[in-house]
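This report concerns only the one structure given below.
All residue numbers refer to positions in the sequence shown, counting from 1.
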Amino acid sequence: QVQLVESGGGLVQDGGSLRLSCAASGLTFSSYAMGWFRQAPGKERQFVAAIKYNSDNTAYAESVKGRFTISRDNVKNTVYLQMNSLKPEDTAVYYCARDRYMRSSRLSTVRSTYNLWGQGTQVTVSS
């Protein structure tokens with residue numbers, strides 16, 4: 001069964017840190033770029049970060065640059081999102097997603113490029 005399962009969300013105070021994980025199964029994880037998106041209540045799902053299949057390139061939304069770091073372990077079939085200096089506006093459900101194209105040379109920030117999604121994990125930052 002092809003699936004992505006996120007974990008690591010929770011409640012944290014303003015300025016705190018969390019590390020999200022996304023474990024992949026049933027797919028050739030090392031051949032696909034992976035992304036993180038988030039969706040706050042009443043808002044559209046938005047891009048957060050992405051990493052190329054071989055980790056040689058990453059991309060971030062402006063709002064998280066310098067605070068979040070995406071990484072991956074192709075042996076463990078897992079992608080991570082280290083989130084530091086969290087702010088209340090980071091509160092959202094966080095989703096990991098797989099790029100639809102195998103071994104793509106570009107890194108996409110567009111939601112429609114990703115065709116496999118996890119169930120999401122809630123991150124709440126209190127002020």
Side-chain angles (χ1 to χ4, degrees):
Q1 182 179 1
V2 177
Q3 63 177 357
L4 301 173
V5 179
E6 301 96 335
S7 61
L11 174 64
V12 64
Q13 289 188 333
D14 190 354
S17 297
L18 281 175
R19 188 197 197 200
L20 305 184
S21 299
C22 172
S25 59
L27 62 130
T28 311
F29 178 79
S30 61
S31 295
Y32 294 91
M34 297 295 297
W36 284 96
F37 288 73
R38 67 186 181 187
Q39 188 166 17
K43 296 188 177 181
E44 291 191 355
R45 195 170 298 187
Q46 61 179 199
F47 171 77
V48 175
I51 186 166
K52 201 173 169 183
Y53 69 94
N54 58 2
S55 299
D56 73 354
N57 193 18
T58 57
Y60 296 91
E62 284 297 324
S63 60
V64 307
K65 275 184 180 178
R67 300 188 298 122
F68 291 11
T69 303
I70 189 170
S71 61
R72 66 189 296 160
D73 185 331
N74 284 349
V75 174
K76 295 182 177 179
N77 287 353
T78 302
V79 61
Y80 305 96
L81 186 68
Q82 177 66 45
M83 305 186 295
N84 298 328
S85 302
L86 282 161
K87 306 175 182 181
E89 52 263 43
D90 294 318
T91 295
V93 178
Y94 284 71
Y95 299 89
C96 70
R98 185 200 72 180
D99 193 319
R100 67 175 64 243
Y101 300 112
M102 185 178 290
R103 297 183 186 275
S104 177
S105 60
R106 63 36 184 165
L107 206 51
S108 175
T109 64
V110 177
R111 178 181 172 182
S112 61
T113 305
Y114 297 82
N115 66 346
L116 178 66
W117 295 81
Q119 83 289 349
T121 185
Q122 176 70 47
V123 171
T124 302
V125 184
S126 63
S127 57

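Phe29 and Val75 are members of different hydrophobic clusters when ILVMFWY side chains are connected at heavy-atom separations under 4.5 Å. The hydrophobic clustering, which links ILVMFWY residues whose side-chain heavy atoms are closer than 4.5 Å, places Phe47 and Leu4 apart.
Between Leu107 and Ala33, the shortest heavy-atom contact is CD1-CB, 4.0 Å. When all heavy atoms of Asp14 and Ser127 are compared, the closest pair comes out as CB-CA, 4.2 Å.
Side-chain contact check for Val93 versus Arg45: every heavy-atom pair is 4.5 Å or farther apart. Residues Gln46 and Gln39 have side chains not in contact (no heavy-atom distance under 4.5 Å, counting atoms from C-beta outward). No side-chain heavy atom of Met83 sits less than 4.5 Å from a side-chain heavy atom of Arg67. Contact annotation: the side chain of Arg98 never approaches that of Val79 to less than 4.5 Å [non-hydrogen atoms, C-beta and beyond]. In this structure the side chain of Arg38 reaches within 4.5 angstrom of the side chain of Asp90, judged on heavy atoms. Counting only heavy atoms from C-beta outward, the side chains of Tyr94 and Leu81 approach each other to under 4.5 Å. Between Val5 and Gln119 there is a side-chain heavy-atom pair separated by less than 4.5 Å.
Looking only at distances, a side-chain donor or acceptor of Arg100 sits under 3.5 Å from a matching main-chain atom of Ser112. For the pair Thr78 (side chain) and Lys76 (backbone), a donor-acceptor distance under 3.5 Å is present. Side-chain atoms of Glu6 do not come within 3.5 Å of backbone N or O of Thr121 as any donor-acceptor pair. Side chain of Tyr114 to backbone of Ser108: a donor-acceptor contact under 3.5 angstrom is found. Arg103 places no side-chain N or O within 3.5 Å of a backbone atom of Ser31 that could act as its donor or acceptor partner. Listed for the Ser17 side chain is no donor-acceptor partner under 3.5 Å among the backbone atoms of Asn84. Listed for the Tyr95 side chain is no donor-acceptor partner under 3.5 Å among the backbone atoms of Gly35.
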_Using side-chain contact (heavy atoms from CB on, under 4.5 Å), reason through Val48 and Tyr60 one step at a time and then give a plain yes or no._
CA-CA 6 Å; Val48 175; Tyr60 296 91; over 6 Å; no
*Let me see the working for Trp36 and Ile51 under side-chain contact (heavy atoms from CB on, under 4.5 Å), right down to the final yes or no.*
CA-CA 9 Å; Trp36 284 96; Ile51 186 166; over 6 Å; no
*List the steps, then state whether side-chain contact (heavy atoms from CB on, under 4.5 Å) holds for Thr113 with Arg111.*
CA-CA 5 Å; Thr113 305; Arg111 178 181 172 182; over 6 Å; no
_Determine whether Tyr53 and Tyr32 satisfy the following criterion, ring-ring contact (aromatic ring centres under 6.0 Å, His included), listing intermediate values before the conclusion._
CA-CA 5 Å; Tyr53 69 94; Tyr32 294 91; 9.1 Å; no
*Given the rule in the side-chain contact (heavy atoms from CB on, under 4.5 Å) test, do Ile70 and Gln82 qualify, once you have shown the distances and angles that lead to the verdict?*
CA-CA 6 Å; Ile70 189 170; Gln82 177 66 45; over 6 Å; no
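Heavy atoms from other residues, nucleotides or ligands lying under 6.0 Å from OH of Tyr101 number 12 at most.
A salt bridge does not link Lys52 with Asp99: every distance from a Lys NZ or Arg NE/NH1/NH2 to an Asp or Glu carboxylate oxygen is 4.0 Å or more.
Atom OG of Ser30 sits about 7.5 Å away from atom CZ of Arg72, to the nearest 0.5 Å. Put simply, SG on Cys96 and OH on Tyr80 are 12.0 Å apart, with the number rounded to the nearest 0.5 Å.
A centroid separation of less than 6.0 Å is found between the aromatic rings of Trp117 and Phe37.
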Name the atoms and distances for all side-chain donor-acceptor pairs under 3.5 Å in residues 18-28, with sequence neighbours left out.
none

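Judged purely by distance below 3.5 Å, without hydrogens or angles, the side chains of Thr91 and Glu89 never pair a donor atom with an acceptor atom.
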